[in-house]
There are 2 protein chains.
Amino acid sequence: MTKGENMTTDRLNILKKFFKKNRRLPSYSEMLKLFGFSSKNAVFKLINKWVEANFLKKENGKLAPTSKFFALPILGNIKAGFPILAEENKNYLTLDEYLIEDPQSSFLLKVSGDSMIGIGIFEGDIVIIEKKKEAFTGDIVLAQIDNEWTLKIFKKDRLKKIIFLEAANPRYPPFYPQNELQIYGVVRAVIRKIN
Amino acid sequence: MTKGENMTTDRLNILKKFFKKNRRLPSYSEMLKLFGFSSKNAVFKLINKWVEANFLKKENGKLAPTSKFFALPILGNIKAGFPILAEENKNYLTLDEYLIEDPQSSFLLKVSGDSMIGIGIFEGDIVIIEKKKEAFTGDIVLAQIDNEWTLKIFKKDRLKKIIFLEAANPRYPPFYPQNELQIYGVVRAVIRKIN
DNA sequence: CTTGACAGTGAACAAATGTTTACTATATAA
DNA sequence: TTATATAGTAAACATTTGTTCACTGTCAAG
């Protein structure tokens, strides 16, 4: 990596920090100060490099970050050979884009209880739930049972045409609803923050 | 909720979709078309309402979304009483902001293997790793053992002054490093996408 | 009714925007 | 050495920006 490349990566990081803080890109005049230039044309050329490198894009004459701008590098399998930390073979992932397909119909839920430990959902975890009223066998659903809310595994016995809810913890028995069953959504992702 | 409020929420959703797609806010002229106005002043007034409602903010005369703009509602405990889906008592959370404190020193890793199933980290999960070379007892670390990469629990026996790595799976024995131990980072979050 | 708030139109405008052009200095490669 | 690409300065400019002011129609409350 040459001196110049280091320079532009540094500046790209400055730009990323600005966006993280302000949730927008700075204007060219703001970048002047940000990068320590004294000519807007210097900014102009720098921006165009980033556009070519696909960190930014211009449409309608407006500047915007690309997905690459935000993305974290995702490294392959843990068990892959030695050079997993190498610069090559990188993939990128933006968490929000990866996890939340439709923000309108999604919400988060903080899990309490241990009814789902069998499939790795623990107390304190956050689950992303997509609002919907139907589910398929195997879906983890948010349902209302006896005026209480729970996460359970939705099961449908096709032969017997019976619907029931199962916990992922042997200590809890399966639940067979008497009448209709209120399903509010299905779990699309599990998130656990450590520390 | 009145007709008017519905109107503005609809338009806010249009704005959110625009941002999700373009990663920037539209200009007032773009909003003209977006919202179906024919006067920029209509946009101006609408924007100011959203600024007051803290969905957007203006600084330096520049418009930007707030954290509230992106955030998903987070609903309280599953076992909480009936009205957990009510509009009140809402909290909001932005995933990227919540999960990634320092994007510069973080990367993602796709987990393979079952050495961590005991603490709910499964094959296919994605872990967010913060690059660092030191760890505390109990940290889940990414370490290099015998030219192979693994996630293990870092343990320090204070009395014996011994460092060792533990799997969260009884099938794997603890690892006692002969010489020095290469630690590359510690796991800060676990993410599992379902479906 | 009247009144006032609300939602929007339309035009005008200073300020800021991104772009272009011409030029300089520095470093790299032939 | 010469040539050439790179990184930046400086000034000029059309276009677009967000804002302001004056005005209109509509609807609900007193």
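Just so it is clear: chains get the letters A, B, ... in the order the sequence lines come, proteins before strands, and each one is counted from 1. These values consider heavy atoms only, across backbone and side chains, with no hydrogens, waters or symmetry-generated copies.
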Among residues 41-70 of chain B, which contact DNA chain D at a heavy-atom distance under 4.0 Å?
-> B:Asn41, B:Phe44, B:Lys58
Provide the full list of salt bridge (Lys or Arg N to Asp or Glu O under 4.0 Å) pairs with a residue in residues 13-28 of chain A, sequence neighbours left out, each pair given once.
-> A:Arg23-B:Glu97, A:Arg24-A:Glu30
Under the 3.5 angstrom rule, does the side chain of B:Thr66 hit a backbone N or O of B:Asn54 as a donor-acceptor pair?
-> yes
Any residue of residues 15-33 of chain A with a heavy atom less than 4.0 Å from an atom of DNA chain D | none
Would you say A:Tyr98 and B:Ile100 are hydrophobically clustered, going by side-chain heavy atoms of ILVMFWY under 4.5 Å?
-> yes
Does A:Lys133 make a cation-pi contact with A:Tyr184 (under 6.0 Å, within 45 degrees of the axis)?
-> yes
Paired with B:Trp50, the ring pair (Phe, Tyr, Trp, His ring centres under 6.0 Å) test is passed by just one of B:Phe69, B:Phe44, B:Phe35, B:Phe55, namely B:Phe35
Just by modelled atom types, is the A:Arg171 backbone N or O under 3.5 Å from a matching donor or acceptor in the A:Asn169 side chain?
-> yes
Estimate the overall bend of the helix from C:dC1-D:dG30 to C:dA30-D:dT1 from the end axes over five pairs each, rounded to 10 degrees.
-> 30°
Under 4.0 Å between a side-chain N/O of B:Arg11 and OP1 or OP2 of C:dA7, yes or no?
-> no
Hey, what do you get for CD1 (A:Ile191) to CD1 (A:Ile121), rounding to the nearest 0.5 Å?
-> 11.5 Å
Determine: side-chain N/O of B:Ser38 to OP1/OP2 of C:dG10, distance under 4.0 Å, yes or no.
-> yes
Side-chain donor/acceptor contact of B:Ser39 with base of C:dG10 under 3.5 Å | yes
Tell me, please, which residues at least two apart from B:Arg158 pass salt bridge (charged side-chain N to carboxylate O under 4.0 Å, His left out).
-> none
All pairs passing salt bridge (Lys or Arg N to Asp or Glu O under 4.0 Å) where residues 47-74 of chain B contributes a residue, at least two apart = none
Flag, side chain of A:Thr137 to backbone of A:Lys156, donor-acceptor distance under 3.5 Å | yes
